[in-house]
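For reference, the structure is listed below as structure tokens.
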Amino acid sequence: MNIKLVKLTSQYKKHLFDLMGEWTSADEKIMPTAIAINDYHDFDNYRIHLCRDKEVNGIVPETTYFCLDLDRDIFVGAVTVRHYLTERLLNSGLIGDGIRPSERRKGYASAMIGLALYEAKKLGIDKVLMCCDKRNVASARSIMNNGGILENEVEVNGIIKQRYWIDVD
């Protein structure tokens, strides 16, 4: 597997449209939520709003990366790294990720989380909280593959969330 995390630039516009087109046609929730908030068709505005370097209205700074498969030159997923943990994030975590439907169950999520942990470490974060729905066994497995230890389960709006901690070394 030959992947890297990239920030969205104009050179990746086609990659983004391909990724989002597949996700949209699959008619399922797009993750991480940061890539679904704005309309990607307005590319310049979309790109500007993917990263936030200051806290605004209690929403922490975050950086969104796309996972580029270098061999096939496609985006296989995306990941958002929040720069610090607040009480508001205790049931969603510091890292949110998602793999496009056609690329799941190939090991990309585990590898992408590993790269995101490296980005978190560069921010000075030594312990990362990641959360997932209890029903999402594949997501839990990807988190555990990166050293995630289940702390507990909490109910959020009728959904059981699992909360995992990962020591970043």
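For this chain, numbers begin at 1 and follow the sequence in order. Just so we're clear, the structure is a prediction, and the values are computed from it rather than from any experiment.
Of the possible polar contacts, none joining the E62 side chain to the H83 backbone as a donor-acceptor pair under 3.5 Å is found. Using a distance-only test at 3.5 Å, with no hydrogens or angles considered, no donor-acceptor pair links the side chain of D18 to the main chain of I74. R82 contributes a side-chain N or O that, together with a main-chain N or O of G93, makes up a donor-acceptor pair within less than 3.5 Å. Distance alone, capped at 3.5 Å, places no donor-acceptor pair between the S139 side chain and the N136 backbone.
Classification of E153 and K134 as a salt-bridged pair holds, one side-chain N sitting under 4.0 Å from a carboxylate O. K121 and D169 are not joined by a salt bridge, as no carboxylate oxygen comes within less than 4.0 angstrom of a charged side-chain nitrogen.
Contacts of D73 classified as side chain to side chain donor-acceptor pair (under 3.5 Å), with partners at least two apart in sequence or in another chain: H15. The side-chain contact (heavy atoms from CB on, under 4.5 Å) search around D39 returns H41, not counting sequence neighbours. Qualifying salt bridge (charged side-chain N to carboxylate O under 4.0 Å, His left out) partners for K7, counting only residues two or more places apart in sequence or in other chains: none. Residues satisfying the side-chain contact (heavy atoms from CB on, under 4.5 Å) test with I48, not counting sequence neighbours, are none. With sequence neighbours excluded, no residue forms a salt bridge (charged side-chain N to carboxylate O under 4.0 Å, His left out) with E55. With sequence neighbours excluded, no residue forms a side chain to side chain donor-acceptor pair (under 3.5 Å) with N38. For T80, the side chain to side chain donor-acceptor pair (under 3.5 Å) partners two or more places apart in sequence, or in a different chain, are T64. With sequence neighbours left out, the side-chain contact (heavy atoms from CB on, under 4.5 Å) criterion links E28 to W23, A26, P101, R104. Residues passing the side-chain contact (heavy atoms from CB on, under 4.5 Å) test with K14: none are found, sequence neighbours excluded.
Sorted by first then second residue, the ring pair (Phe, Tyr, Trp, His ring centres under 6.0 Å) pairs that include residues 43-71, not counting sequence neighbours, are F66-F75. Listed by first and then second residue, the side-chain hydrogen bond (donor to acceptor under 3.5 Å, both in side chains) pairs that reach into residues 85-99 come to none, sequence neighbours excluded.
More than 12 non-hydrogen atoms from other residues, nucleotides or ligands lie less than 6.0 angstrom from CZ of F17.
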Output a table of donor-acceptor pairs, distance under 3.5 Å, between side-chain atoms of residues 123-133 and any protein atom two or more places apart or on a different chain; print 'none' if there are none.
residue, atom, partner, partner atom, Å
D133, OD1, K161, NZ, 3.2

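E119 and T63 share no side-chain donor-acceptor pair at under 3.5 Å. For the 3.5 Å distance criterion, the side chains of D69 and Y108 qualify, holding a donor opposite an acceptor.
Note: L115 CG to L5 CG = 4.5 Å, rounded to the nearest 0.5 Å.
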